[in-house]
Amino acid sequence: IVIQEGNIVDYTNKMADFLANLRATGRKETTIRTYCSALQSIFNEMAKMGPLPSLYTVDSAYMTMLKDQMTVEERSKKLYFTIFGKFVRYCTGRDLMKECDILWNKQIPKRKFIDIDDFHRLLENASHKERLVLMLGALCGLRRSEIAHIKLDDICGRLLKVHGKGHGEEGKVVYIRIPESVYRD
């Protein structure tokens, strides 16, 4: 039971029915615990915003405010919202997630960057091919897949033909000037 300024809003009974339905349809206990935890997190975040609304009145604006308020990572928000959407569908028959059509940002992996001294140490200990890959990545800004697809035919003097992501047989093709430091190596 969620208590908000002395008023008891009974999301918990509905949640208990929802979880019982999941058990009855053969969901694993770990899945049910995940759903329970996610719903409790959503309910707590909703309670921070003020009195809990009826599940029939939750709309896109409310869900957007809720998304902005939450301090968890984007993928966790998406999981919580997906589970909450299933809960609302079970309780009301509404497809809340389809109604809201929330735009999710692609989670960027946490990358570890190296400093210039580490880069120079890598270059010193690298084979000729490894040096070339490091230089193309660092000084030309090429991605691993772009470096991997370079053929000898793609080099014409000081120009390098790069096959990037894109539509068509060759993808997105661009030509870049090979910097002097890369050209020397």
Would you sort out whether R27 and T25 count as a side chain to side chain donor-acceptor pair (under 3.5 Å), showing the intermediate values? CA-CA 6 Å; R27 298 300 195 288; T25 56; 3.0 Å; yes
Short side-chain to backbone donor-acceptor contact, [X] and [Y], under 3.5 Å:
| X | Y | answer |
| --- | --- | --- |
| Q69 | E45 | yes |
| R94 | V58 | yes |
| T57 | P53 | no |

Side-chain touch [X]/[Y], heavy atoms, less than 4.5 angstrom:
| X | Y | answer |
| --- | --- | --- |
| R131 | E124 | no |
| H163 | D154 | yes |
| V162 | Y175 | no |
| C36 | Q40 | yes |
| D95 | M97 | yes |
| I150 | L136 | yes |
| I178 | L159 | no |

Separation between [atom1] of [X] and [atom2] of [Y], rounded to the nearest 0.5 Å:
| X | Y | atom1 | atom2 | value |
| --- | --- | --- | --- | --- |
| N44 | L39 | CG | CG | 11.0 Å |
| D101 | L96 | CG | CG | 11.5 Å |
| H149 | R143 | NE2 | CZ | 13.0 Å |

Centroid separation F87 to F43 less than 6.0 Å: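 Centroid distance F87-F43: below 6.0 Å, so yes.
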Side chain to side chain donor-acceptor pair (under 3.5 Å) assessment of Y35 paired with K86: CA-CA 10 Å; Y35 275 49; K86 291 177 182 182; 3.0 Å; yes
Can you see which heavy atom on Y80 is nearest to which on A38, and at what distance?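 The answer is CD2-CB, 3.5 Å.
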